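Written out below as structure tokens is the structure these notes cover.
Values reported hereafter were calculated over all heavy atoms of this structure, with side chains retained and with hydrogens, waters and symmetry mates removed. As the structure is a computational prediction, the values presented were derived from the model and not from experiment.
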Amino acid sequence: MFTFPQQVCEIAQHLVKAGAEMLEVGHPLISKEAMAHVSAVVGMDLGVPILSHARAHPDDINAVARSGASWVGIFLGVNPITERTRVSGSSFPSLLEKIAASVHHARQQGLLVRYTIEDASRTPIERLLASYRTAVEAGAQRLCFADSVGLLDPKQTRLFIRALRHEFPDIELEGHFHDDRGLAMANALQAVESGVDWISVSTNGLGERCGITDHGIFAVNLHHRGERTLDANQGKYLHELSKYVATCSGHALHPATPIFGEHAFTHTARLHVKAVKRDPDSYQWTDPVQFGQACKISKQRIRSNIVTDTVINDKTVGWDIVGGLFWEKGRQSAKPSESELELFTAGIKPGDKVAVIGASTKDLIEHLMAMDVNVTVYDFSKGMCDSLKEALSPNAPPIRVLDITAPLDRELISYYDYVLNDRLVNRFTTQEAKKALKNMVALAMQGEVRASVKLGLYAMDEKMIELGKRRQVLELFYCEDTQTIDFSKAGDILEESLLPHGQIDRDVLLRWYQSRGMETRFSDSSLKQLIEGVILDDGSQINVEHQCNFPDAQDTVMYSLKSV
Ligand code: SAM
């Protein structure tokens, strides 16, 4: 479970941003930490009611009152199994007395009451109705039907909920469904159709055994069915929440998880890929972008001088989002200046074969085109490639989709005289940088690679790290040993640290950064060490022939690399 109240508060904030209308926070009697969690969330005043758990016992209820929560969720099963295993020695009449006394006591403490019958799906209907009626007469505002062992299917759910709706037409009803038969989602949707007002959910469906109804997927289903709409951002917030809770809980999301899983919109079968390239709707039920996702196509190698036609590399999502805005609206400092262009192109002659990795480096590409150089542009982002093609048409040079960190096509080995890239290595982890540098040197086996790298932290990194330290959540998104930052795990800290990038719209900027994933910050020595460790397929290594600091960006160094 969560060890930092801060994480619980962060999650509470994410939940409300993602549209949750009530928060259930712990069982305060259990421990000081549990009480602290509840009080911390109550203290945030998030604008939604806070409900906290209690057995049908005055001590539990008093603890909820002390925590500041406005609702108490009293739970007590009333079936013969519960009598035998949970409240041994009780009879059904004594359980009814317990229900009446605890609800009444809670009401006297000024609490609103939800009464849950645990294991309701294995409780005879006459006991269900008698117990709920007792709770209502004692003052309960909401009744919750818990399928605690995940036994029901939608047909049975319909019968139970319709019976309760008929018996208690004016009381709020809630459904709580476990997923032991894999039917929690189906039961929850059926329960809504049969008249419940609330459904208990959890992020990523986390809960006992197989968990309960998944919050994000349920919310998207209600949205799709027109039963409860999401606003323009809540789909993305649900995705962020899912990733954040996966990190805090240590339970990674299965890649095939609907909507928010890594593979939820990734197409692999050749026929599917062909159709999706014509029209994503051919194999997608909805637009992934509204959920912070993207239509991804698995890597395909096509003979001819190929280059992978598209790639699976999560980081493409961010660059697809920013596209040509990078040079149309981006800040000047992110593109090579005049003096830097001179350094990149020194000694290059008309007719030389030059590869530029990174379509965003449009100024350098245009500079090379004006030098009558035989230039080819490679970029892993189809969005960036398409934007550059459009920006340079009708004279655009060959612009190809290629992930420079992925295995290289043999036909490209040693094809170029020069391979240039501007602050590309800054977008990589150490592993990615190793693969990329190896591939770039292989592309220019007889030639030269010129790679500029900004050394050390960016101003935004520093802001995020400072905030992360202050809130004691730094280790969630920053590894000090490897100087690696994970923008996808930084949650609100990323949003609070966001610095303008020219006139690029803040929402686009945020989604671009969130999809940038992990990036390592290099020093000159750590980069040299990395370069030394690279062995090319023919056994040769990489030598740093020359390096120079950019005149107007002192913390950025251009490295000239050759295979030796
Ligand atoms: N100066 C800019 C900066 O600091 O962000 C550009 C850095 S880099 C050249 C950005 C470009 O490289 C983008 O067009 C991006 O799509 C592309 N890129 C990033 N990772 C890549 C990869 N693994 N393979 C190929 N292109 C990649």
* Asked: Do Phe177 and Val201 touch side chain to side chain, with heavy atoms closer than 4.5 Å?
  -> no

* Does a side-chain N-to-carboxylate-O contact under 4.0 Å join Arg470 and Glu466? -> yes

* Asked: Taking the six-membered ring for Trp, are Phe145 and Phe160 parallel (under 30°), tilted (30 to 60°) or perpendicular (over 60°)?
  -> tilted

* Asked: Taking the six-membered ring for Trp, are the ring centroids of Phe260 and His239 within less than 6.0 Å of each other?
  -> yes

* Could you check His223 against Gln290 for side chain to side chain contact (heavy atoms under 4.5 Å, CB included), going step by step and ending with a plain yes or no? => CA-CA 12 Å; His223 176 77; Gln290 60 189 316; 4.1 Å; yes

* **Glu126, CD atom: more than 12 neighbouring heavy atoms under 6.0 Å** => yes

Name each donor-acceptor pair under 3.5 Å that joins a side chain in residues 205-220 to protein atoms two or more places apart or in another chain, with its distance.
from	atom 1	to	atom 2	distance (Å)
Arg209	NE	Asp180	OD2	2.7
Arg209	NH2	Ser148	O	2.7
Arg209	NH2	Asp180	OD1	3.0
Arg209	NH2	Asp180	OD2	3.4
Thr213	OG1	Ala184	O	3.4
Asp214	OD1	Gly216	N	2.9
Asp214	OD1	Ile217	N	3.0

* With side chains defined as the heavy atoms from C-beta onward, is the minimum distance between Asp492 and His14 less than 4.5 Å? -> yes

* Report yes if some heavy atom in the side chain of Arg142 is under 4.5 Å from a heavy atom in the side chain of Trp71; otherwise report no. => yes

* Asked: Would Asp231 and Lys17 pass as an ion pair if we require N to O under 4.0 Å?
  -> no

* Side-chain heavy atoms of Met384 within contact of Ser360, under 4.5 Å -> yes

* Pair Glu167 + Arg133: basic N to acidic O under 4.0 Å -> yes

* Asked: Trp319 ring centre to Arg427 NZ or CZ under 6.0 Å, with the angle to the axis within 45°?
  -> no

* Over 12 foreign heavy atoms within 6.0 Å of CZ, Arg158 -> no

* Minimum heavy-atom distance Leu499-Met460, with the two atoms named -> N-SD, 3.4 Å

